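Note sheet for the following structure.
This is a predicted model, so every value here is computed, not measured. We name chains A, B, ... by the order of the sequence lines, and we start the count at 1 in each one.
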2 protein chains.
Amino acid sequence: MKYCSQCSHPVSVRVPEGDNRERYVCDNCGSIHYQNPRIIAGCLPVHGDRVLLCKRAIEPRYGYWTLPAGFMENGESTETAALRETREEAQAEVVLRKLYTVTSILHVNQVQMIYLADLPEEKFGISEETLETRLFREDEIPWDELAFTTIGNALRYYFADRAKAEPSFPLRHLEIEPGYAELLLQT
Amino acid sequence: MKYCSQCSHPVSVRVPEGDNRERYVCDNCGSIHYQNPRIIAGCLPVHGDRVLLCKRAIEPRYGYWTLPAGFMENGESTETAALRETREEAQAEVVLRKLYTVTSILHVNQVQMIYLADLPEEKFGISEETLETRLFREDEIPWDELAFTTIGNALRYYFADRAKAEPSFPLRHLEIEPGYAELLLQT
Ligand SMILES: [Zn+2]
Ligand SMILES: [Zn+2]
């Protein structure tokens, strides 16, 4: 940020009165331009003993496999965002079951929220963001070709939870620190 | 948003190529200025049979009672943000127990995440944002003087969950639609 989006004056970086953090501040109109983390919402769609993955048609991680997920938009709930992303990226209509992973990805200022979801019908497709969409059994998951650490985490938790004598899917609360940049969800 | 924060050129509102939503777009430098929901993180601090509330020293809802909560900052996890807000607003050090409510507040583009937390010591205080901080038993909660719908929801769920024969505190996933504007968390 170089200029004030309200008045076009150059902004400066300083701690506003009553605050304790540096912000982009406009000394002309007084606007303070806060910057805050963004939410990535998505699904882990399950159909029988298989899960649905999408092969990315966009950078970063072009050609790698991921779960349908993307930035939550203004005016949406987190659930609506997860359903929309699944529709857009995988052409799939799912039923949300529960919030399953919440991951703070510190160095990119994102919070990723993945829902467990049922895919009732074997219907899905590709999109501008997706080269290929398909269902994988656990032994078919392309572990070395997953796009992001967070996706591998969600899948590992899912298969472990499902394998328990009495399957249960508790919320997983995770944090990813700087240093994993190359593996993380950035679009 | 009136001007591009990268080059100071006036922005226009249109659907960028490959997108399906209107965005603020700069026709000079090509920047697309996305706007996304923000996260409010906070705590429901419990000490024995009492919970900690703060009386707001700021608008909106000056003088009304709330849970310690505020905007998550860049570089934080959701947990770190909840702990920091509790420290800043209530001068209290708590131990997070679990994520308890996730509420999408559609018309203000916020997602509120409240953690159940233990307040080990009876130590807390006031701040620039808080006129008074105190512990309340269930029968003492000032239900008519709560700042926001979301705070009343979290407290009602908590006392109901605690009263169960076998207390358990499942994640509550909520959505608040337009029309409740006057009651909602906006700072
Ligand atoms: Zn300005
Ligand atoms: Zn520009």
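- Across all their heavy atoms, A/Pro37 and B/Met72 have their closest contact at CD-O, 3.3 Å.
- Proximity to chain B is absent for every atom of A/Tyr24, based on heavy atoms less than 4.5 angstrom apart.
- The two residues B/Cys4 and A/Tyr3 make their nearest non-hydrogen contact at O-CB, 3.8 Å.
- When the side chains of ILVMFWY residues are joined at heavy-atom separations under 4.5 Å, either directly or via intervening members, A/Tyr64 and A/Trp143 end up in two distinct hydrophobic clusters.
- Chain A forms more heavy-atom pairs under 4.5 Å with one residue of B/Leu174, B/Val111, B/Val11, B/Thr103 than with any other, namely B/Val111.
- If you chain together hydrophobic residues whose side chains sit under 4.5 Å apart, A/Leu44 and A/Leu96 never meet in one group.
- Residues A/Tyr34 and B/Arg38 form a side-chain contact, since some pair of their non-hydrogen atoms from C-beta on lies under 4.5 Å apart.
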Trace of the side-chain contact (heavy atoms from CB on, under 4.5 Å) decision for B/Leu171 with A/Lys98: CA-CA 9 Å; B/Leu171 177 70; A/Lys98 64 170 302 188; over 6 Å; no
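- Here A/Arg172 contributes atom CZ and B/Leu99 contributes atom CG; the two are 14.5 Å apart, rounded to the nearest 0.5 Å.
- Per-residue counts of heavy-atom pairs under 4.5 Å with chain A were compared for B/Pro10, B/Gly18, B/Cys7; the largest is that of B/Cys7.
- In the hydrophobic clustering of this structure, A/Leu83 does not group with A/Leu116; members are Ile, Leu, Val, Met, Phe, Trp, Tyr whose side-chain heavy atoms approach within less than 4.5 Å, directly or through other members.
- Between A/Asn74 and B/Arg21, the shortest heavy-atom distance links the atoms O-NH1, 4.0 Å.
- Atom CG of A/Asp144 sits in a sparse spot, with 12 or fewer heavy atoms from other residues, nucleotides or ligands closer than 6.0 Å.
- B/Thr78 has its side chain out of reach of A/Glu175: every pair of non-hydrogen atoms, C-beta onward, lies at least 4.5 Å apart.
- Follow the hydrophobic side-chain contacts under 4.5 Å out from A/Phe136 and you reach A/Phe148 in the same cluster.
- A distance-only check finds no donor-acceptor pair linking the side chain of B/Asn36 to the backbone of A/Glu73 [under 3.5 Å].
- The closest side-chain heavy-atom distance from B/Val102 to A/Met113 is below 4.5 Å.
- Among all heavy-atom pairs drawn from B/Ser104 and A/Glu76, the shortest one is CB-O, 4.5 Å.
- Both B/Val46 and B/Leu155 belong to a single network of hydrophobic side chains, linked directly or stepwise wherever heavy atoms of I, L, V, M, F, W or Y lie under 4.5 Å apart.
- By number of non-hydrogen pairs under 4.5 angstrom with chain B, the leading residue of A/Gln6, A/Glu128, A/His173 is A/His173.
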